[in-house]
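The block underneath contains the structure these notes are about, expressed in structure tokens.
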There are 2 protein chains.
Amino acid sequence: MATIKDVAHRAGVGVSTASRVIRNKGYASEEVRKRVEQAVADLEYLPNLLARSMRGAPTKTIGLLIYDIVNPFFANLATGVEDMAHAHGFNVVICSSHPWNSREREKSYMQMLIERKIDGLVLQHVFSSEEYASLLERRNLPAVRILNPQPGYPYDLVRCDTRQGTIDLIRHLIGLGHQRIAALGPPMPSFQGADRLAGYQEALQSAGVEVDRSLILLEGWRTRDGYNMTHRLLKETRPDAIFAFGPRIAAGAACALREAQVRVPEEVALVCVDDFGLGSELHPFMTVVRQPEHEMGQQVTQLLIDRILGTYIGPPREVVLPARMVVRQSCGSKRKESEQAQSQPQENSHEQRWDDD
Amino acid sequence: MATIKDVAHRAGVGVSTASRVIRNKGYASEEVRKRVEQAVADLEYLPNLLARSMRGAPTKTIGLLIYDIVNPFFANLATGVEDMAHAHGFNVVICSSHPWNSREREKSYMQMLIERKIDGLVLQHVFSSEEYASLLERRNLPAVRILNPQPGYPYDLVRCDTRQGTIDLIRHLIGLGHQRIAALGPPMPSFQGADRLAGYQEALQSAGVEVDRSLILLEGWRTRDGYNMTHRLLKETRPDAIFAFGPRIAAGAACALREAQVRVPEEVALVCVDDFGLGSELHPFMTVVRQPEHEMGQQVTQLLIDRILGTYIGPPREVVLPARMVVRQSCGSKRKESEQAQSQPQENSHEQRWDDD
DNA sequence: TGCTATTCTGGCAACGTTACCACAAAAAAT
DNA sequence: ATTTTTTGTGGTAACGTTGCCAGAATAGCA
């Protein structure tokens, strides 16, 4: 662990001179420059960022606090953040507070990020406690939000219009002749849930389909919840279609349907919001509405960096990106039936789908 | 951004006293303790970790450097690392150097991690340059490895016996009557690839099946590669089964098979190493060999923390965990056919599969 | 030759924290 | 009564870096 002192000594110069050469700032003769650079190479010197930051230098690091890195949605989001951050010379510290609201980790990560003096923060969490907001404010640490606003605090926000996306999806189902469409989601004080529920109701009403409250079950986001809700649903009625608010719910529903020997899409259609990552590459089956995760990650990072660099100063901005429907086979569309022999013409070309390089 | 000086001043004590109270170490009267704690609360003081670390204190942070957080394998691995790290009071900085060997990011992240003075490092990368090893050595920064050894450097290692796992998988195929089994993998100087190729050949030989070199294609890990290899393969021959070295390859293969109108599993069986994350929850189709990612993450972190704390000092350890075969439907097993009506009895109960809470 | 610019160099303070020391007061042991 | 130990407190020096300043050497210009 060589320090700048070692470098200076080895090059036979003072520390300030070495510092100037290393940072390439200020005067230094060619002669001295060479010697210092040689010493840096010899000692494999890397500056101590901690010490630098203590003098007030930015850490060039941003934090990303999300629920669950295992969820492909967040994973894609994270790569979007990383891509944009890197383009601006920032590094990203990903903190996955972990499945389902582990408050303890949320707090631990918030403190850790602040203590380590990051330059800014991308937040997906809705704070479980208001104390966090005041923590950020007091240090005036720039923060931006993804997905959900933080009620009462005016951060920049990038979100996706899943309400409209849901409307598209439900209209698609109605267009295929489905009328009794069930909705499976989380319990209701929920931002993401509310958008989808609103879209669901709006699409039905505008199509003149009555909203049947017994078709709406709101119990949770997990696979387990989707499974339970579907079983309960099937005990009472037989819907034409099931709209799951998220992919885990849809996966649980699919399992319950299999167990009940109800065939998808022949007997019931199944759709959801957000995609299945690798699973959709393997077997492009489920018709979904996709949020543009990667782009959302990039955009929110751009907003944050604007704030960090002071490029933008002003009232909070809100960027709303459209959701994109991907029609596949899980609703037994007419199109699909008529073109069954061909290789899913309704799916985008695979060239576009595979961005794994 | 209150400092300890502010706290001390507000409490009417010296900085050392404040420090002692905050760290709960050394003497302090009840009276003073109260006042300092009140000041901490009032000012929302959080210690500056940077400054602490400059005095030589451990940062209680470990770095995790992986290829691709979007891959569910790595995502699960990461949560394993986080779980164990948290259990010991460490935080984790995840750095996803990103799809397919972005050397630039690898380097940038290595430097960033070292500069930020983490306590230890979990590495999955095989260094693209030897300079990294010497970097770590010189700072004697503890590091451990996951998946692959670093040739020439004796780090602790946790890996999975994918050779044996592959043997199980191929034997399973042979047991179902498949003889002409194709292998699709990456180009050959590859650790992971070599294990799987070896297992493949070993299983065939021990079953008395001749290894046909024209059935072995080694072009890459990507979906695109699997797609291309499969098309090329089908142009020349028609195998009984396809063994993909990884899930992306399998996904590409599945796509090519669909396009060629070859049905899985009726006409050709398809298996691979590693699972499909959410996709397998939705549609448990592909028979795979799974590495215990989460456990691997936990174990490797335990090894690292042993090194950091000095609990273990000695020669490098190697932990080899078994792979687990998950039989599903993609090889048209006899079992599956005979029990078709039932709900996948060969799959573990969903209670075990769903760990999303 | 002098005089001001320009280029180059190194010493020193400061960032926020803690380890170490010195000292004072109280408590305990002689 | 004294010495020793325990308890409580605050000052100071580092950690590695950079900004600021002072000064030396060189160059440019009368």
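Letters A, B, ... mirror the listed sequences (proteins, then strands); counts begin at 1.
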### Message
Less than 4.5 Å apart, side chain to side chain, heavy atoms only: is that true for B:Gln124 and B:Leu65?
### Response
no

#### Entry: Separation of D:dT17 C1' from A:Lys117 NZ (nearest whole Å)
17 Å

### Query
Which of these nucleotides, D:dC15, D:dG10, C:dT9, is closest to any side-chain atom of A:Ser29?
C:dT9

### Query
Which part of the nucleic acid, if any, lies within reach of B:Thr17 when heavy atoms closer than 4.0 Å are counted: base, sugar-phosphate only, or nothing?
base

#### Entry: Donor-acceptor side-chain pairing of A:Gln192 and A:Asn148 below 3.5 angstrom
yes

### Message
Using the side-chain heavy atoms of B:Arg23, tell me which of these nucleotides is nearest: D:dG19, C:dT18, D:dG16.
### Response
C:dT18

### Task
Name the nucleic acid region contacted by B:Thr3, choosing base, sugar-phosphate or nothing; use a 4.0 angstrom heavy-atom cut-off, strictly under.
sugar-phosphate

### Message
Which nucleotide wins on minimum distance to the side chain of A:Val13, given the candidates D:dT18, D:dG19, C:dG10?
### Response
C:dG10

### Message
Rounding to an integer number of Å, can you tell me how far A:Ile22 CD1 sits from D:dG16 P?
### Response
14 Å

### Message
Counting distance alone, no hydrogens or angles: does the base of C:dT18 have a donor or acceptor under 3.5 Å from a partner atom on the side chain of B:Arg55?
### Response
yes

### Message
Under 4.0 Å between a side-chain nitrogen and a carboxylate oxygen: does that hold for B:Asp119 and B:Lys60?
### Response
no

### Task
Can you tell me the distance, in whole Å, between the CD atom of B:Glu115 and the P atom of D:dT18?
11 Å

### Query
With a 4.5 Å heavy-atom cut-off, do B:Gln150 and B:Leu123 have their side chains touching?
no

### Query
Is there a side-chain contact between A:Tyr45 and A:Ile4 (heavy atoms, below 4.5 Å)?
yes

### Atom pair distance, as rounded to whole Å: CD1 in A:Ile114 and C1' in C:dG16
17 Å

### Under 4.0 angstrom between B:Ser19 side-chain N/O and C:dT17 OP1 or OP2
no

### Query
Once you round it to whole Å, what is the distance between P of D:dG19 and CD1 of A:Ile4?
11 Å

### Message
Whole angstroms only, please: what is the NZ-P distance between B:Lys25 and D:dT7?
### Response
17 Å

### Task
Kindly say whether, by distance alone, the side chain of B:Arg20 makes a donor-acceptor pair under 3.5 Å with the base of D:dG10?
yes

### Query
Hey, does the side chain of B:Tyr27 come within less than 4.0 Å of D:dT7's phosphate (OP1/OP2), counting only N and O?
yes

### Query
In this structure, which one of B:Leu64, B:Leu136, B:Ile62 forms a side-chain contact (heavy atoms from CB on, under 4.5 Å) with B:Leu121?
B:Leu136

#### Entry: For DNA chain D, the residues among residues 43-50 of chain A that have a non-hydrogen atom under 4.0 Å from it
A:Tyr45, A:Pro47, A:Asn48

### Task
Take the protein atom CG of B:Asn24 and the nucleotide atom P of C:dT18, then report the distance between them rounded to whole Å.
12 Å

### Task
Could you check which of C:dC15, C:dG10, C:dT9 has an atom nearest any side-chain atom of A:Ala28?
C:dT9

### Any side-chain heavy-atom pair of A:Val122 and A:Arg145 under 4.5 Å
no

### Which nucleotide in D:dT12, C:dC12, D:dG19 has an atom nearest any side-chain atom of A:Val15
C:dC12

